[in-house]
> 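Attaching a single structure in structure tokens format; questions to follow.
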2 protein chains.
Amino acid sequence: MSRSSPQAPDAQTDTLPRQQRTYSIGELARMFEVTPRTIRFYEQEGLLAPTRQGQKRIYREKDRVRLKLTLRGKRLGFSLAEIREVVMMYDAMPDGNARQLKRLLEILADKRANLERQLEDIRLMRMEIDDVDQRAREVLRQLGDDV
Amino acid sequence: MSRSSPQAPDAQTDTLPRQQRTYSIGELARMFEVTPRTIRFYEQEGLLAPTRQGQKRIYREKDRVRLKLTLRGKRLGFSLAEIREVVMMYDAMPDGNARQLKRLLEILADKRANLERQLEDIRLMRMEIDDVDQRAREVLRQLGDDV
DNA sequence: CAAGCACTTTACGTTAACGTAAACCTCGTC
DNA sequence: GACGAGGTTTACGTTAACGTAAAGTGCTTG
């Protein structure tokens, strides 16, 4: 699997097949509308593992994807610890022992259950919002006659 | 709309039409699997407004529903501030002026958009979970041949 | 009446997830 | 060679959402 690293260190801009593209912290931050601080924090929490070029962080596709997944998880209300749990086990999978793998399956089932409940919650909350919306429009309409 | 309050202050147990039932803080806490502290905190944050009987808090149906909605909102990752915003405006609706109502509609649209994005997030995350699950089972199967 | 619940208030503690500030490199460029 | 744009580390600050502990109230039950 180890591919000989290309010796051209610089000269990348646009024509790269995306698998080899790299990103600076600022780039990623703009892409996902977060601050660099957030990205560094996620690294510190073990969610990202960029390489270095001198002292600067270099992010690969893998890191970008991880960041995306992390932010998605956050939007769904997962804690960074929960997210890390899955992500790290995913990485440890190839050489994972059976116990670890079964544990992973458990966690996944758990997350899935969580998602299902969220779906139901969304359904219910939608209905309530629609309801409130209706009423508000009603009142507005009647107010309109007055104005 | 004002119904004369029934004079029997005690003697309630089971036969009440649920609209008149009241709850203690402990009851509610058990019902929703939260601590009394949480419920008091929500009151302090303006999400609940129980009446008092002496110094004890008395919760009505309305409070129970609010608590339910609040917890649902929390499961979806909303902050208490966001939840309060909607809940309070909902209460202020009947005599709401047009500006307030339009603001409410804005907020609702916002929440709705949020929910839609969450739906998409859930869809994607489900797929990824399914994927990881698949792989894990694969590895487990091959490991099974070995064991 | 002592004991035990269930409740109360007050107040300080804790955790997660960053924000913010200061002080320092390291380029390209004017 | 000063400087501005990006990057770095270190470290303290902040906010939300409660937890936890202490000390008191009020009822009812042995």
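Here is the naming used below: chain letters follow the sequence lines, and residue numbers restart at 1 for every chain. Note that this is a predicted model, so its numbers are computed, not measured.
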> Given C/dC18, is OP1 or OP2 found less than 4.0 Å from the side-chain N or O atoms of A/K74?
yes
> On DNA chain D, nearest-nucleotide positions of A/I58 versus B/E45: which is more 5'?
A/I58
> When you measure from the side chain of B/Y42, which nucleotide among D/dA11, D/dT8, D/dC18 comes out closest?
D/dC18
> Looking at A/T38, does any N or O in its side chain come under 4.0 Å of the phosphate oxygens OP1/OP2 on C/dG19?
yes
> So A/R66 and A/Y42, do their side chains get closer than 4.5 Å, heavy atoms only?
no
> For the residue pair B/T51 / B/R60, report whether a side-chain donor-acceptor contact shorter than 3.5 Å exists.
yes
> Phosphate oxygens OP1/OP2 of C/dA6: is one of them under 4.0 Å from a side-chain N or O of B/S24?
no
> Nearest of C/dG19, C/dT8, D/dT20 to any side-chain atom of B/R37?
D/dT20
> Just to confirm, is there a sub-4.0 Å distance from OP1 or OP2 of D/dG7 to any side-chain nitrogen or oxygen of A/R57?
no
> Do A/Y23 and A/E61 have side-chain N/O donor and acceptor atoms under 3.5 Å apart?
yes
> Flag the pair A/I107 / A/M89 as yes when at least one side-chain heavy-atom distance between them is below 4.5 Å, and no otherwise.
yes
> Between D/dG7, D/dA17, C/dG19, which one does the side chain of B/S79 approach most closely?
D/dA17
> Is any side-chain N or O of A/T35 closer than 4.0 Å to OP1 or OP2 of C/dC18?
no
